Amino acid sequence: MDKQKNVEYKKYSKDVIYELKKQLYRWAKDNLRGKKVVNEQTGNSIEISTQGIDEWYSKSKSEAQIRSILRLTEILAKAIKTHESENIHSDRKNAPSFEYYEYPIELLEKQFNVIVSVKLIIANENGRRIYYHHYLDEKNKPSSTIVRQPASRE
């Protein structure tokens, strides 16, 4: 890894990073909103919603997390489903669970594991999967996730 390039990345001011975030937010709204991506492992179609883009915007703090939105369609297509969990955050009966996916990625010359949350909406019999948000877990640092075997294909 080139330490000099990492130093250059750290020179960006918070104002520059904030401006990049605003530009990529507008880009995501124009280019990703409403797009459906088929996950290669499960065959499930995952829709990128305004809510998901807004969630990414509100939670993204690091330059790598901000830039990761540019690769969201790749992430959703290639990520491996690891598990599901009940939606304990809402009493809404039409969104009973979340699916979780993981995908290794390199951003800014660092390795990350992307953790993706997808909300299952049961407005129809097939269900509708909505991208909810994602975060980056830097590799070679203590992980905040548990390593799981990929879930079986539905």
Side-chain angles (χ1 to χ4, degrees), residues 1-85 87-90 92 95 97-121 127-148 150-151:
M1 183 179 337
D2 184 353
K3 291 181 182 179
Q4 182 60 37
K5 286 186 179 180
N6 284 335
V7 171
E8 289 175 18
Y9 291 131
K10 291 179 183 177
K11 286 183 183 177
Y12 288 135
S13 70
K14 287 183 180 181
D15 292 339
V16 170
I17 298 296
Y18 179 70
E19 188 58 37
L20 173 67
K21 185 177 175 178
K22 287 191 328 189
Q23 289 174 5
L24 289 178
Y25 178 70
R26 286 190 295 274
W27 175 86
K29 290 271 193 166
D30 293 343
N31 294 283
L32 298 177
R33 181 178 41 193
K35 187 174 235 178
K36 293 181 180 177
V37 179
V38 175
N39 178 267
E40 294 173 5
Q41 179 213 17
T42 64
N44 294 335
S45 178
I46 302 170
E47 181 181 335
I48 301 172
S49 67
T50 299
Q51 178 189 15
I53 294 168
D54 289 348
E55 193 75 16
W56 161 84
Y57 184 79
S58 71
K59 292 192 180 340
S60 294
K61 307 291 185 241
S62 71
E63 182 180 359
Q65 176 72 29
I66 292 165
R67 289 182 182 275
S68 68
I69 196 73
L70 293 168
R71 296 181 58 191
L72 184 59
T73 56
E74 170 194 348
I75 292 166
L76 294 176
K78 297 187 178 300
I80 301 297
K81 183 178 170 187
T82 58
H83 67 288
E84 294 182 33
S85 71
N87 182 358
I88 60 170
H89 305 290
S90 173
R92 295 175 61 194
S97 64
F98 286 96
E99 297 174 336
Y100 296 91
Y101 296 76
E102 295 189 21
Y103 182 65
I105 196 168
E106 182 178 321
L107 293 162
L108 305 176
E109 299 182 352
K110 290 183 180 178
Q111 297 295 320
F112 295 93
N113 193 35
V114 182
I115 312 299
V116 180
S117 300
V118 173
K119 189 185 296 186
L120 181 61
I121 308 293
R128 179 175 167 218
R129 288 166 172 81
I130 306 287
Y131 159 75
Y132 185 62
H133 82 285
H134 73 279
Y135 69 92
L136 303 179
D137 201 12
E138 190 171 349
K139 291 190 174 189
N140 301 323
K141 288 193 172 184
S143 177
S144 61
T145 62
I146 299 169
V147 177
R148 294 179 173 87

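Keep in mind that this is a model prediction, so the values were computed, not measured.
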Would Asp15 and Ile17 satisfy side-chain contact (heavy atoms from CB on, under 4.5 Å), going step by step from the backbone distance to the final call? CA-CA 5 Å; Asp15 292 339; Ile17 298 296; over 6 Å; no
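- Leu76 has its side chain out of reach of Val38: every pair of non-hydrogen atoms, C-beta onward, lies at least 4.5 Å apart.
- Listed by chain and number, the residues in a side chain to side chain contact (heavy atoms under 4.5 Å, CB included) with Lys61 amount to none (sequence neighbours excluded).
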Kindly indicate, with the supporting measurements, whether the criterion side-chain contact (heavy atoms from CB on, under 4.5 Å) is fulfilled by Ile115 and His134. CA-CA 5 Å; Ile115 312 299; His134 73 279; over 6 Å; no
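- A salt bridge links Glu55 with Lys59: the distance from a Lys NZ or Arg NE/NH1/NH2 to an Asp or Glu carboxylate oxygen falls below 4.0 Å.
- Side-chain contact check for Tyr135 versus Val116: every heavy-atom pair is 4.5 Å or farther apart.
- Of the possible donor and acceptor atoms, one in the side chain of Arg71 sits under 3.5 Å from a partner among the backbone N and O of Glu106.
- Taking the ring pair (Phe, Tyr, Trp, His ring centres under 6.0 Å) definition, one finds that Phe112 meets it with nothing, sequence neighbours left out.
- A salt bridge between Lys29 and Asp54 is present, with a side-chain N of the basic residue lying under 4.0 Å from a carboxylate O of the acidic one.
- Inter-residue side-chain proximity for Val114 and Glu102 is flagged as unmet; no heavy-atom pair is nearer than 4.5 Å.
- Residues Leu120 and Phe98 form no side-chain contact, since every pair of their non-hydrogen atoms from C-beta on lies 4.5 Å or further apart.
- Using a 30° and 60° split on the angle between ring planes, Tyr25 and Tyr57 fall in the tilted class, from 30° to 60°.
- Taking all atoms of both residues into account, the shortest heavy-atom contact from Ser60 to Lys21 is O-NZ, 2.7 Å.
- Contact annotation: the side chain of Tyr132 approaches that of Gln51 to within less than 4.5 Å [non-hydrogen atoms, C-beta and beyond].
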Can Glu138 and Gln111 be said to form a side-chain contact (heavy atoms from CB on, under 4.5 Å), step by step? CA-CA 6 Å; Glu138 190 171 349; Gln111 297 295 320; over 6 Å; no
Can you check side-chain contact (heavy atoms from CB on, under 4.5 Å) on Ser85 and Tyr100, steps first, answer last? CA-CA 8 Å; Ser85 71; Tyr100 296 91; 3.2 Å; yes
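- Here the OG1-CD1 distance, from Thr42 to Ile80, works out to 9.0 Å after rounding to the nearest 0.5 Å.
- Panel note: side chain Gln65, backbone Trp56; no donor-acceptor pair is recorded below 3.5 Å.
- In this structure, CG on Leu72 lies 12.0 Å from CG on Asn31, to the nearest 0.5 angstrom.
- For the pair Ile46/Tyr101, a side-chain contact is recorded, criterion being any heavy-atom separation below 4.5 Å from C-beta on.
- Taking the side chain as every heavy atom from C-beta outward, Ile48 and Thr73 approach each other to under 4.5 Å.
- Using a distance-only test at 3.5 Å, with no hydrogens or angles considered, no donor-acceptor pair links the side chain of Glu47 to the main chain of Tyr131.
- Going from atom CD of Glu63 over to atom NZ of Lys14 covers 14.0 Å, rounded to the nearest 0.5 Å.
- Ile53 has its side chain within reach of Arg33: a pair of non-hydrogen atoms, C-beta onward, lies under 4.5 Å apart.
- Nearest heavy atoms, Ala79 versus Asn39: O-ND2, 2.8 Å.
- The structure places OG of Ser45 at 12.0 Å from NZ of Lys35, a figure rounded to the nearest 0.5 Å.
- Interatomic distance, NZ of Lys119 versus OG of Ser49, reported as 8.0 Å (0.5 Å rounding).
- Summarising the geometry, atom CG belonging to Leu136 is positioned 5.0 Å from atom OG belonging to Ser68; distances are rounded to the nearest 0.5 Å.
- Panel note: side chain Lys81, backbone Gln41; no donor-acceptor pair is recorded below 3.5 Å.
- Checked by atom type and distance alone, the side chain of Asn113 never pairs as donor or acceptor with a backbone atom of Asp137 at under 3.5 Å.
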